Amino acid sequence: MPEKIAFNMDQLPGSGSVGGYIYLQPYSSNRFRLTVEVDTPDGLKSGSSVIETASWESGGLPDARGVRSTVKGEAIFVDLGHGKNLIAILGWGKLGEDESKIFYLTRAALAPNRKVEWKDEHKLKGRGDLPSSFFPTLITFSDLGDPATAKVVSPAELAATFGPGYSLRRMTLETTSTPVTRGIEKKLLWWSLPGRPASIAKRAWREGVRTGVSQVPEDLFQKG
């Protein structure tokens, strides 16, 4: 069964003078390794990231009720060799504008033909292929030291970006208990540059498209 947890509202920021407890039940968390596999002229290349999602149903005051969710983890970096790279960001859709689809990956990979409620997702264990409709947005940097060189890569057309012999083999999801992945800043050489380089990268791969949802660009690479 999912855990039942409680917070003392006097200890929560912004709780004001309201006392007592707010009960959150049920609480369900899931940790999985998401792996991207790419066929290249030099053979199979892959990268992975361990990600943790958590969802809970909050109780207490009527206007505070509902399902809340959090994510911890990082984008997936695949070193293709010869200075080429592929990154699966923590966003979905043509330009990475959907950050909510991450909460459906486990069900999509491990129970594709069944209806599983979020409350029961923690019961799903094992390994499975991620359907292409749940592939995260893929990007690449022609220069890992320059965020302005980011561009979107089509999952079905890696050869158009990287050349003949490059293709996406599959993405897999496997539940795990290993620690959440950290260290994306060691692979993205521009990460510590001044001027919010993640925002520069996002503008680059969007190629001037200004409409869309409001996002924190850094969250597309690292959450939690």
Side-chain angles (χ1 to χ4, degrees), residues 29-38 40 44-54 69-106 109 130 134-155 158 161-162 166 168-206 212-224:
S29 65
N30 193 33
R31 189 177 295 180
F32 54 85
R33 181 181 298 278
L34 196 59
T35 301
V36 178
E37 297 182 355
V38 179
T40 78
L44 179 67
K45 305 289 185 180
S46 66
S48 67
S49 179
V50 175
I51 297 168
E52 182 178 271
T53 61
S69 300
T70 61
V71 180
K72 295 179 181 179
E74 296 186 335
I76 302 164
F77 184 95
V78 184
D79 184 349
L80 300 177
H82 306 287
K84 299 176 180 179
N85 59 84
L86 183 69
I87 300 165
I89 63 173
L90 301 178
W92 281 255
K94 184 177 180 180
L95 299 174
E97 62 276 10
D98 181 1
E99 296 180 62
S100 66
K101 209 163 189 175
I102 196 168
F103 297 105
Y104 301 91
L105 300 189
T106 301
L130 196 65
F134 285 85
F135 285 177
T137 304
L138 301 176
I139 67 169
T140 187
F141 293 90
S142 58
D143 180 354
L144 280 173
D146 184 356
T149 64
K151 68 177 181 178
V152 169
V153 179
S154 169
L158 264 65
T161 298
F162 302 115
Y166 290 87
L168 181 64
R169 178 180 292 191
R170 63 178 178 174
M171 295 191 193
T172 63
L173 181 147
E174 183 175 16
T175 55
T176 182
S177 59
T178 57
V180 169
T181 299
R182 297 297 184 193
I184 191 72
E185 66 278 359
K186 297 176 182 178
K187 299 173 182 178
L188 301 176
L189 304 181
W190 49 260
W191 186 262
S192 298
L193 294 176
R196 296 197 69 190
S199 181
I200 295 173
K202 183 186 173 188
R203 287 198 300 270
W205 80 63
R206 290 178 63 85
V213 298
S214 177
Q215 294 175 289
V216 177
E218 292 80 3
D219 285 352
L220 296 172
F221 296 96
Q222 187 180 76
K223 291 181 184 290

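Starting from 1, each residue takes its place in the sequence as its number. Quantities reported herein were computed from a predicted structural model and do not represent experimental measurements.
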>> What verdict does the side-chain contact (heavy atoms from CB on, under 4.5 Å) test give for Arg196 and Val216, after you've listed the backbone C-alpha separation in whole Å, the side-chain angles of each residue and the deciding distance to 0.1 Å?
In response: CA-CA 10 Å; Arg196 296 197 69 190; Val216 177; 4.1 Å; yes

> Thr140 and Thr161: side-chain contact (heavy atoms from CB on, under 4.5 Å), yes or no, with the steps?
Replying inline: CA-CA 9 Å; Thr140 187; Thr161 298; 4.1 Å; yes

> Between Ile76 and Leu34, is a side-chain contact (heavy atoms from CB on, under 4.5 Å) present by the stated rule, with each step listed?
Replying inline: CA-CA 8 Å; Ile76 302 164; Leu34 196 59; 3.7 Å; yes

> Run the side-chain hydrogen bond (donor to acceptor under 3.5 Å, both in side chains) check on Glu97 and Gln215 step by step: do they pass?
Replying inline: CA-CA 8 Å; Glu97 62 276 10; Gln215 294 175 289; over 6 Å; no

>> Could you go through Leu168 and Val36, starting from their C-alpha distance and side-chain angles, then the distance that decides it, and tell me whether this counts as side-chain contact (heavy atoms from CB on, under 4.5 Å)?
In response: CA-CA 8 Å; Leu168 181 64; Val36 178; 3.7 Å; yes

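From Ile184, atom CD1 reaches atom OG of Ser49 across 7.5 Å, with rounding to the nearest 0.5 Å. With rounding to the nearest 0.5 Å, the separation of CG in Leu220 from CG in Leu90 is 7.0 Å. The OG1 atom of Thr70 sits 6.5 Å away from the CZ atom of Phe103 when rounded to the nearest 0.5 Å. Here the CD1 atom belonging to Ile139 is positioned 11.0 Å from the CG atom belonging to Leu95, to the nearest 0.5 angstrom. Atom CH2 of Trp205 and atom NZ of Lys151 lie 15.0 Å apart (nearest 0.5 Å). Taking OG of Ser48 as the start and CD of Glu74 as the end, the distance is 11.5 Å to the nearest 0.5 Å.
For Thr40 (side chain) and Leu80 (main-chain N/O), no donor-acceptor pair under 3.5 Å exists by modelled atom type. Without hydrogens or angle criteria, Arg31 side chain to Val50 main chain gives no donor-acceptor distance under 3.5 Å. Judged purely by atom type and a 3.5 angstrom limit, Thr149 uses its side chain to pair as donor or acceptor with the backbone of Asp146. A distance-only check finds a donor-acceptor pair linking the side chain of Thr137 to the backbone of Gly96 [under 3.5 Å]. When atom types are taken as modelled, the side chain of Thr176 and the backbone of Phe32 share no donor-acceptor pair closer than 3.5 angstrom.
Other residues, nucleotides and ligands place no more than 12 heavy atoms under 6.0 Å from the NZ atom of Lys72.
Within the 4.5 Å cutoff, the side chain of Leu144 has heavy atoms near those of the Asn85 side chain. Side-chain contact between Tyr166 and Lys84 is present, with heavy atoms from C-beta onward closer than 4.5 Å. In this structure, the side chains of Leu158 and Leu86 come closer than 4.5 Å at one or more pairs of heavy atoms. No side-chain heavy atom of Phe162 sits under 4.5 Å from any side-chain heavy atom of Val38. In this structure, the side chains of Met171 and Pro155 stay at 4.5 Å or more apart for every pair of heavy atoms. Counting heavy atoms from C-beta outward, Ile51 and Val180 have side chains that stay 4.5 Å or more apart. Looking at Thr172 and Leu130, their side chains never come closer than 4.5 Å, going by heavy atoms from C-beta outward. The shortest distance between side-chain heavy atoms of Thr106 and Leu173 falls below 4.5 Å.
Counting all heavy atoms, side chain and backbone alike, Pro147 lies closest to Pro197 at CB-O, 3.3 Å. Shown here for Pro136 and Ala88, the closest heavy-atom pair between the two residues is CG-CB, 3.7 Å.
Aromatic ring centroids of Phe141 and Trp190 lie under 6.0 Å apart.
Using a 4.0 Å cut-off between a side-chain N of Lys or Arg and a carboxylate O of Asp or Glu, Lys223 and Glu218 do not qualify as a salt bridge. A salt bridge links Arg170 with Glu37: the distance from a Lys NZ or Arg NE/NH1/NH2 to an Asp or Glu carboxylate oxygen falls below 4.0 Å.
Residues Thr53 and Asn30 bring no donor and acceptor atom of their side chains to less than 3.5 Å of each other.
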